[in-house]
There are 2 protein chains.
Amino acid sequence: MTDGQVRVLLAEDQGMVREALAALLSLEGDLDVVAQVSRGDAVAAAVVEHGIDVAVLDIEMPGMTGIDACAEIRRVRPQTKVVIATTFGRPGYLRRAMESGADAFLVKDAPAAELAEAIRRVLRGEKVIDPTLAAAALSEGANPLTGRERDVLAAAADGSVNADIAARLHLSEGTVRNYLSMAIQKTAARNRAEAVRVAREKGWL
Amino acid sequence: MTDGQVRVLLAEDQGMVREALAALLSLEGDLDVVAQVSRGDAVAAAVVEHGIDVAVLDIEMPGMTGIDACAEIRRVRPQTKVVIATTFGRPGYLRRAMESGADAFLVKDAPAAELAEAIRRVLRGEKVIDPTLAAAALSEGANPLTGRERDVLAAAADGSVNADIAARLHLSEGTVRNYLSMAIQKTAARNRAEAVRVAREKGWL
DNA sequence: GTGCACCCGTGACATCCGTCATGCGGACGT
DNA sequence: ACGTCCGCATGACGGATGTCACGGGTGCAC
């Protein structure tokens, strides 16, 4: 590879999308996609092995989320810049991505040119965030759910009945009801299904 | 454009992915991406306007699904070939895509090379389908839900209570309960949330 | 024209769910 | 040492949900 080229890693589980993004970035003369992975838990090792300058991470991936992978990169190779590119522009995702030390947060709705642009800007030490999303994330405040409330709500997400949830979390059925009741109130929902939907949208799960 | 070039349309709502796929296909010498749209309801007009040879359609798009757009293409310009490329390899999607007259069905998990390959094969008159998915779609059988059962289940999907669903569909609350009960039995679920999940997985919604 | 499947409705019943009050123990901050 | 928050639990209550039996209407196929 030529000297001065930016060494980029792409992490994205959908092969077609990943390779397409690689093709796109390769059209930029100064960028070199030297590694591609399809699993979150393969990111950190690849970053170290290839001496990556910028890692572009999807959030939803098998093995580990892009957000957790970002935190891992921060531990093993702090000088690597991280760009999170995701389908869902949920404020909760943005907040958690920033807490994990991400340098940029993009939604895939955006034009493709923004990706290359974001890579160059994070290399200059800038942070890149959609202003609309930033405002939404700030106005939303922190996650009001306690740890256990989150557990129970997450366990209820697939349509399990109380008895199942209780068994899975080693709780009594009444306790499950109580936690769910709390979660429903805090999400301003009318039942567990709505609570799950709201919590997901806000990134509280 | 050079004579003999294949005129391709890309329909995909995520700008970054759409433009990346365009970049990828442009690397193939014989393909020419002459049109890009981000909404399902813009597909048919673009196909006619640009005299498209092959339309590559995502399923989940604003305005109209790729499956419905495929049916529209069949009406307005039958000689155009249609490739459905989707994130979710749900058997129900495959079945409905085929019923709408699609020539190929790809999941975005697949390697990028398959897309160009599929485009060339449908131009030769072949059908392109993942054998695993085809088997799953066949073994699953047809959608057992009646029209109204689907409506009610879909209306319940966001966590609405019975009264809401009844009002939205102009039904009595008891009728909503009955339809939901049927849907729950047919999906072998224990409550509406599980029924929604199962129906989604099987592509019955 | 006689089934049959679908649509829509009612009423009754058992169960599940959501809420509230209340209790106890542990962790944490002041 | 005290208050506060969290985790976990129980019991009781009303309302929502799921099931069943039953009815009537429509349209379609044999």
Side-chain angles (χ1 to χ4, degrees), chain A residues 92 95-96 99 140-205, chain B residues 92 95-96 99 140-205:
Chain A
R95 185 163 16 81
R96 283 193 284 167
E99 283 165 7
E140 201 173 64
N143 188 339
L145 300 177
T146 69
R148 242 15 195 163
E149 283 162 4
R150 232 181 309 122
D151 294 341
V152 173
L153 194 56
D158 65 348
S160 296
V161 296
N162 286 339
D164 290 356
I165 304 171
R168 210 180 322 163
L169 299 182
H170 308 292
L171 293 173
S172 98
E173 210 171 318
T175 305
V176 171
R177 278 215 298 277
N178 286 338
Y179 283 138
L180 270 175
S181 183
M182 283 296 119
I184 289 167
Q185 288 178 246
K186 288 181 178 176
T187 50
R190 284 170 307 174
N191 52 51
R192 59 185 67 197
E194 220 173 49
V196 167
R197 190 170 55 77
V198 171
R200 268 209 239 276
E201 278 166 13
K202 304 216 175 189
W204 292 345
L205 271 189
Chain B
R95 187 162 15 82
R96 282 191 284 167
E99 283 164 5
E140 201 175 62
N143 188 338
L145 300 177
T146 70
R148 245 8 197 167
E149 283 162 4
R150 232 182 308 123
D151 294 343
V152 172
L153 193 58
D158 63 349
S160 296
V161 296
N162 285 340
D164 290 357
I165 304 171
R168 210 178 324 158
L169 299 182
H170 307 292
L171 292 174
S172 102
E173 212 170 318
T175 304
V176 170
R177 278 214 300 275
N178 286 339
Y179 282 138
L180 270 175
S181 183
M182 282 297 118
I184 289 167
Q185 288 180 247
K186 288 181 178 178
T187 50
R190 284 170 306 174
N191 53 52
R192 57 186 69 195
E194 218 174 49
V196 166
R197 188 171 57 77
V198 172
R200 281 229 173 92
E201 278 167 12
K202 304 216 176 191
W204 293 346
L205 274 187

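In the text below, chain A, chain B and the rest are named by the order of the sequence lines, each starting its count at 1. Reckoned from all heavy atoms, side chains included, excluding hydrogens, waters and symmetry mates.
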Whole-Å gap separating P (C/dC8) and NE2 (B/His170): 11 Å
Which residue lies more 5' along DNA chain C, comparing B/Gly147 with A/Arg190 via nearest heavy atoms: B/Gly147
base_contact_polar (D/dC20 base, B/Asn178 side chain, donor-acceptor, <3.5 Å): yes
side-chain contact (heavy atoms from CB on, under 4.5 Å) between B/Leu153 and B/Trp204, worked out: CA-CA 10 Å; B/Leu153 193 58; B/Trp204 293 346; over 6 Å; no
Any B/Arg192 side-chain nitrogen or oxygen under 4.0 Å from OP1 or OP2 of D/dG18: yes
Exercise: do B/Arg192 and B/Asn162 side chains pair donor with acceptor under 3.5 Å: yes
Interatomic distance where CG belongs to A/Leu153 and P belongs to D/dG7 [whole Å]: 14 Å
Whichever of B/Gln185 and A/Leu169 has its nearest DNA chain D nucleotide further upstream toward 5': A/Leu169
Test side chain to side chain contact (heavy atoms under 4.5 Å, CB included) applied to B/Val152 and B/Leu169, B/Asn178, B/Thr146, the passing residue: B/Leu169
N or O in side chain of B/Arg148 less than 4.0 angstrom from C/dC8 OP1/OP2: yes
Phosphate contact (D/dA16 OP1 or OP2) by B/Asn162 side-chain N/O below 4.0 Å: no
Distance test, side-chain N/O of A/Thr175 to OP1/OP2 of D/dT10, below 4.0 Å: no
Atom-pair distance (CE on A/Met182; C1' on C/dC17), nearest Å: 14 Å
Length of the line joining B/Ile184:CD1 and C/dC16:P, which is rounded to integer Å: 13 Å
Closest nucleotide among C/dC8, D/dG18, D/dT17 to the B/Val161 side chain: D/dT17
Gap between atoms CG and C1', on A/Leu180 and D/dC8 respectively (whole Å): 14 Å
Between D/dT17 (C1') and B/Tyr179 (OH): distance, integer Å: 18 Å
Qualifying residue, where the test is side chain to side chain contact (heavy atoms under 4.5 Å, CB included) with B/Leu171 and the options are B/Asp151, B/Ile165, B/Val176: B/Val176
Touch class at under 4.0 angstrom, heavy-atom based, for A/Ser181 against every strand present: base
Spacing between B/Arg177 atom CZ and C/dC16 atom C1', to the nearest angstrom: 13 Å
A/Arg190 backbone acceptor or donor facing A/Glu194 side chain under 3.5 Å: yes
5' precedence on DNA chain C between B/Pro144 and A/Ala163 (nearest-nucleotide basis): B/Pro144
Length of the line joining A/Glu149:CD and D/dC5:P, which is rounded to integer Å: 13 Å
